[in-house]
Amino acid sequence: MIHMINQSSVFQLPTLLSCQVPRSPDVHDEHLFIVTHQAYELWFKQILVELDSVRNLFDNPVQGLNEAMTLVINSRLQRVVLILKLLVDQVAILETMTPLDFMEFRGMLSTASGFQSLQFRLIENKLGVREEDRVSYARGCTEAVGSQGSSQLLDSSIAEPSLCDLVQRWLERTPGLETNEFNFWGKYSRVVQALLRAMERQAQAEPEPMKRRACLEAFKRKQFSFDTILNEKTYESLLTKGERRFSHKALQGAMMISLYRDEPRFHQPYCLITLLMDMDSLITKWRSECFALLQLTNHLHASCLAANHIQMVLRMLGSQQMGTAGSSGYQYLRSTLSDRYKVFVDLCNLSTFLIPRACIPPLSADMKRRLSTMADLDSD
């Protein structure tokens, strides 16, 4: 029973509640500033616990993911999604602090060691944000994050397979991709080509010249868009340029799961894909609403990732320089909202390539049987 728990020994409350030490004790709002940041760090720690457990469940290089564990994975990812929603909502509490309130203790903050939160950087690495995709002055700041132990944690998080890597391996094993069996991608490609030909014929049959021209332009855009996934060489080129994250086969697996999500074996995989997209979306939303008070003067770093609404940064600090070597904190935030910081952007773009339900290739009897159960029927 919870009332029988010795709170002092289990929750370490005396230690926890003694960690709020304002540098300007006479200024009321610094306490709120500290508590909010510490609360973020506690939730970051829980996210890391959940991500590590999920990565361990995925990381079986021989047999792949045990499908019986998909529900457990979804449960833990759902927990991460709910925590991220809470982090977004928590911004409103900091917004009760006015610019004048913040100015009262801003000058009392001393130089700290972090360009951003160590734990948030670990979350990014374990999800799959790549070093080469970071903005230039956010790269190579391993040394700035903290101690030698912190650097080792960062190096380890980069060296280990990310969740993005592990999800790709899992998707590449999607039943139905085998070219010598159901060959989903071959069937899907033929359906898309037929739809494109019908779209072109309809455009050319338009009697009014201006509308015909507009319809033909729409057809060419659609054709070009589909070519980026149907033409494997084009896709590999985009992958090399960093405009795609998933391997071509992983994309095929994600598309098959999305189109056949009503089949029993794909229920949980489709939920998993949706949760990954939710995580990407919420982190992007958090970035847009939350922001580190990076360098409050030309020589000052925030000691941890301070959650601040993007407009709050401008409202409180205006256009003054906040970042290392004169970099603007506002501009840094804007740069992190690009697709290069979205780990599962390929999943988010799947809807661009969906086809009408009536056009989805029908499953063969064998494929219908394989997708009717979570058991691995290939071994029967």
| Residue pair Gln12, Thr15: steps toward the side chain to side chain contact (heavy atoms under 4.5 Å, CB included) verdict | CA-CA 6 Å; Gln12 299 294 307; Thr15 301; 4.1 Å; yes
| field | Derivation and outcome, salt bridge (Lys or Arg N to Asp or Glu O under 4.0 Å), residues Lys220 and Glu200 | value | CA-CA 9 Å; Lys220 290 177 182 178; Glu200 183 181 22; over 6 Å; no
| said: As a quick check of understanding, evaluate side chain to side chain contact (heavy atoms under 4.5 Å, CB included) for Arg370 and Met367, giving each step before the final call. | reply: CA-CA 5 Å; Arg370 289 179 67 188; Met367 197 67 232; 4.2 Å; yes
| request: Step by step, work out the side chain to side chain contact (heavy atoms under 4.5 Å, CB included) result for Thr274 and Leu347. | output: CA-CA 8 Å; Thr274 302; Leu347 295 179; over 6 Å; no
| said: Let's go through Ile360 and Arg357 carefully: what are the C-alpha distance in whole Å and the side-chain angles of both, what is the deciding distance for side chain to side chain contact (heavy atoms under 4.5 Å, CB included) to 0.1 Å, and is it a yes or a no? | reply: CA-CA 5 Å; Ile360 297 175; Arg357 189 181 292 270; 4.2 Å; yes
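Judged purely by atom type and a 3.5 angstrom limit, Glu30 uses its side chain to pair as donor or acceptor with the backbone of Ser24. In terms of modelled atom types and a separation under 3.5 Å, the side chain of Asn231 and the main chain of Thr234 share a donor-acceptor contact.
Taking every heavy atom of both residues into account, Phe219 and Leu196 meet most closely at CE1-O, 3.3 Å. Taking all atoms of both residues into account, the shortest heavy-atom contact from His267 to Arg261 is CD2-O, 3.1 Å. Looking at every heavy atom in both residues, Ala203 comes nearest to Leu216 through CB-CD2, 3.7 Å. For the residue pair Arg121 and Glu131, the shortest heavy atom distance occurs at NH2-OE1, 3.3 Å. When every heavy atom of Pro175 is checked against every heavy atom of Leu371, the shortest pair comes out as CG-CD2, 4.0 Å. The minimum heavy-atom distance linking Leu171 with Leu177 is given by the pair O-CD1, 3.8 Å.
Between Phe266 and Tyr270, the ring centre distance reaches or exceeds 6.0 Å. Here the two rings, on Tyr40 and Trp43, have centers that are 6.0 Å apart or farther. Within the 6.0 Å centre-distance limit, the rings of Phe120 and Phe44 are counted as a close aromatic pair.
If you chain together hydrophobic residues whose side chains sit under 4.5 Å apart, Val192 and Leu354 fall into the same group. Residue Met97 is not grouped with residue Ile34 when hydrophobic side chains (ILVMFWY) are merged at heavy-atom distances under 4.5 angstrom, including chains of intermediate members. Linking ILVMFWY side-chain heavy atoms closer than 4.5 Å, directly or via other members, places Leu276 and Val72 in a single hydrophobic cluster. By the criterion of side-chain heavy atoms lying less than 4.5 angstrom apart, applied directly or through intervening Ile, Leu, Val, Met, Phe, Trp or Tyr residues, Met69 is not grouped with Leu71; the two fall into different hydrophobic clusters. Transitive grouping of hydrophobic side chains (ILVMFWY, heavy atoms separated by less than 4.5 Å) brings Phe353 and Phe184 into a common cluster.
Counted by atom type alone, Gln252 and Thr174 present zero donor-acceptor pairs between their side chains at under 3.5 Å. With hydrogens and angles left out, the side-chain atoms of Asn183 and Glu178 include no donor and acceptor closer than 3.5 Å. Between Glu160 and Ser156, the side chains place a donor N or O and an acceptor N or O closer than 3.5 Å (distance only, hydrogens not considered). Side-chain atoms of Arg244 and Thr228 include a donor-acceptor pair closer than 3.5 Å. Side-chain atoms of Glu50 and Gln46 include a donor-acceptor pair closer than 3.5 Å. A donor-acceptor pair shorter than 3.5 Å cannot be found between the side chains of Thr36 and Gln90. Side-chain atoms of Ser162 and Asp165 include a donor-acceptor pair closer than 3.5 Å.
Taking CG of Leu239 as the reference point, atom NE2 of His248 lies at 10.0 Å (rounded to 0.5 Å). How far CD1 of Ile273 is from CG of Asp278: 12.0 Å, rounded to the nearest 0.5 Å. Between atom CD of residue Gln20 and atom CZ of residue Phe33 there is a gap of 14.0 Å, rounded to the nearest 0.5 Å. Atom-to-atom distance recorded for Ile73:CD1 and Arg55:CZ is 12.5 Å, nearest 0.5 angstrom. Note that NZ of Lys187 and CG of Leu363 are 9.5 Å apart. Values are rounded to the nearest 0.5 Å. Distance check: Gln119 CD to Glu124 CD gives 13.0 Å after rounding to the nearest 0.5 Å.
Salt-bridge annotation for Glu206 and Arg201: absent, with no side-chain N of the basic residue lying under 4.0 Å from a carboxylate O of the acidic one. Ion pair Arg169/Asp59 flagged as a salt bridge, since at least one NZ, NE, NH1 or NH2 atom sits closer than 4.0 Å to an Asp/Glu carboxylate oxygen.
Within the 4.5 Å cutoff, the side chain of Pro361 has heavy atoms near those of the Ile355 side chain. By the 4.5 Å heavy-atom criterion applied to side chains, Arg130 and Asp133 are counted as neighbours. Side-chain contact between Val54 and Val80: absent, with no pair of heavy atoms (C-beta onward) separated by less than 4.5 Å. With contacts defined as side-chain heavy-atom distances shorter than 4.5 Å, the pair Tyr235/Asp227 does not qualify. Inter-residue side-chain proximity for Leu127 and Asp280 is flagged as unmet; no heavy-atom pair is nearer than 4.5 Å. A heavy-atom distance below 4.5 Å is not found between the side chains of Ser372 and Glu263. Contact check for Ser225 versus Thr352: side-chain heavy atoms found under the 4.5 Å cut-off. Taking the side chain as every heavy atom from C-beta outward, Arg212 and Pro207 never approach each other to under 4.5 Å.
Using bins of under 30°, 30° to 60° and over 60° for the plane-to-plane angle, the ring pair Phe226/Tyr188 lands in the tilted bin.
No more than 12 heavy atoms of other residues, nucleotides or ligands shown are found within 6.0 angstrom of CD on Gln202.
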